There are 2 protein chains.
Amino acid sequence: MVTRGTPKPPSRQLADLLRAKIESGELAPGTPIPSIVALATEHQVATNTVQKALRILKDEGLITSVPGYGTFVAER
Amino acid sequence: MVTRGTPKPPSRQLADLLRAKIESGELAPGTPIPSIVALATEHQVATNTVQKALRILKDEGLITSVPGYGTFVAER
DNA sequence: GCCCATTTGTACGTATGTATG
DNA sequence: GCATACATACGTACAAATGGG
């Protein structure tokens, strides 16, 4: 759940949430992550915020994005 | 000069522009970079775009930001 | 080859939060 | 307390890439 009024901003909360799913294996390497719009709707945040969260995970090498196609869990 | 209609987005153009000034020594290590608002006004882009450009340089280790204080050219 | 829906990427303008001096 | 500056988020818009029909 993404909440406000906490020291941890929504973008980090969402990044942490997705990272946990990846590391737990719920999102396996090679599988697609829900689209940005889907994540924004699901977690009640702006698409920009989702982009920011995904950027964090990209910087960590956990995911890769293909424009016009989708975002996927990286092979480790 | 930051232009549109080119394959290189404004945020990258601005990042490249600032990087060149740093590497040429025009902006020496330890010296402050103009504020985000100042850069946005000067280059006619949104503050968000400036933030994006600065983020690129931060990722490259060329600058560091201190909230409420300013952004500075990194040492070395 | 040509539309078209989907998806990522970038940008805009604005608002608010937080830190510094 | 106040002014300045960075950080985050919102909603919106449009470009470019992809894939399916």
Side-chain angles (χ1 to χ4, degrees), chain A residues 1-19 21-22 27-75, chain B residues 1-19 21-22 27-75:
Chain A
M1 189 57 183
V2 172
T3 57
R4 268 116 189 160
T6 66
K8 188 189 293 186
S11 56
R12 283 237 185 247
Q13 291 181 47
L14 181 53
D16 291 350
L17 196 151
L18 291 172
R19 191 185 307 104
K21 288 191 180 180
I22 292 171
L27 289 173
T31 61
I33 284 179
S35 78
I36 293 170
V37 174
L39 287 172
T41 303
E42 179 184 350
H43 296 94
Q44 295 287 288
V45 295
T47 57
N48 274 354
T49 304
V50 175
Q51 292 266 24
K52 198 157 197 173
L54 295 183
R55 164 111 193 219
I56 293 171
L57 300 181
K58 278 177 221 169
D59 288 348
E60 294 175 357
L62 290 178
I63 61 174
T64 58
S65 293
V66 182
Y69 189 36
T71 303
F72 306 84
V73 179
E75 306 290 342
Chain B
M1 190 53 184
V2 172
T3 57
R4 267 108 181 168
T6 67
K8 189 191 293 186
S11 56
R12 293 240 180 241
Q13 291 180 48
L14 182 53
D16 291 350
L17 195 152
L18 291 172
R19 190 186 307 105
K21 287 192 180 180
I22 292 171
L27 288 174
T31 60
I33 284 179
S35 77
I36 293 171
V37 174
L39 286 172
T41 303
E42 179 184 348
H43 296 94
Q44 295 288 286
V45 294
T47 57
N48 274 354
T49 304
V50 174
Q51 292 265 25
K52 199 159 197 171
L54 295 184
R55 166 91 183 205
I56 292 171
L57 300 180
K58 278 178 221 169
D59 288 347
E60 295 173 357
L62 290 177
I63 63 175
T64 58
S65 293
V66 182
Y69 189 36
T71 303
F72 306 86
V73 180
E75 302 293 340

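Just so it is clear: chains get the letters A, B, ... in the order the sequence lines come, proteins before strands, and each one is counted from 1. Keep in mind it's a predicted model, so treat the numbers as computed, not measured. The figures that follow rest on heavy atoms only: side chains count, while hydrogens, waters and symmetry mates do not.
Residues A:Val50 and B:Ile33 both approach DNA chain D. Their nearest nucleotides, taken by heavy-atom distance, put B:Ile33 toward the 5′ side. Comparing B:Arg4 and A:Val66 by the nucleotide of DNA chain C whose heavy atom lies nearest to each, the residue mapping closer to the 5' end is A:Val66. Residue-to-nucleotide proximity on DNA chain C shows that, of B:Val45 and A:Tyr69, the 5′-proximal contact is made by A:Tyr69. Remark on DNA chain D: of its neighbouring residues A:Pro9 and A:Pro67, the 5'-side contact belongs to A:Pro9, judged by nearest-heavy-atom nucleotide.
Minimum atom distance to the side chain of A:Ser35 is reached by C:dT8, of the listed C:dT10, D:dC10, C:dT8. For B:Gln51, whose side chain is taken as the heavy atoms from C-beta onward, the closest listed nucleotide among D:dA7, D:dC10, C:dA11 is D:dA7. Closest contact between the side chain of A:Ser65 and the listed nucleotides D:dA7, C:dA11, C:dG9 involves C:dG9. Taking the side chain of A:Ser11 as heavy atoms from C-beta on, and the options D:dG11, D:dT8, C:dA11, the nearest nucleotide is D:dT8. Closest to the side chain of B:Arg12, out of C:dA11, D:dA9, C:dT10, is C:dT10.
Within 4.0 Å (heavy atoms only), A:Lys58 reaches sugar-phosphate atoms of the nucleic acid but no base atom. At the heavy-atom level, A:Thr47 lies under 4.0 Å from base atoms of the strands shown.
Distance CG (A:Leu39) to P (C:dT6): 16 Å, rounded to an integer number of Å. Going from atom CZ of A:Phe72 over to atom P of D:dT18 covers 12 Å, rounded to whole Å. Between the CZ atom of A:Arg55 and the C1' atom of D:dA7 there is a distance of 15 Å, rounded to whole Å. A:Lys52 places its NZ atom 15 Å from the P atom of C:dG9, with the value rounded to the nearest Å. Atom CD in A:Gln44 sits roughly 14 Å away from atom C1' in D:dA9 (whole-Å rounding). Put simply, NE2 on A:His43 is 13 Å from P on D:dC10, counting in whole angstrom units. Note: CD1 (A:Ile36) to C1' (D:dA13) measures 15 Å, nearest angstrom.
Of the side-chain N and O atoms in A:Thr49, none sit less than 4.0 angstrom from OP1 or OP2 of D:dA9.
Donor-acceptor pairing under 3.5 Å, judged by distance alone, is present between the side chain of B:Asn48 and the base of D:dA9.
Screening B:Thr64, B:Leu62, B:Asp16, B:Thr71 against B:Leu57 for a side-chain contact (heavy atoms from CB on, under 4.5 Å) leaves a single residue, B:Leu62.
Side-chain N or O atoms of B:Gln51 include none that pairs as donor or acceptor with a backbone N or O of B:Ile36 at under 3.5 Å.
Here the closest heavy-atom approach between residue B:Lys8 and residue B:Gln13 is recorded as O-NE2, 2.7 Å.
A:Ile56 places none of its side-chain heavy atoms less than 4.5 Å from the side chain of A:Leu14.
Sorted by first and then second residue, the salt bridge (charged side-chain N to carboxylate O under 4.0 Å, His left out) pairs with a member in residues 47-57 of chain B read A:Asp59-B:Arg55, B:Arg55-B:Asp59; sequence neighbours excluded.
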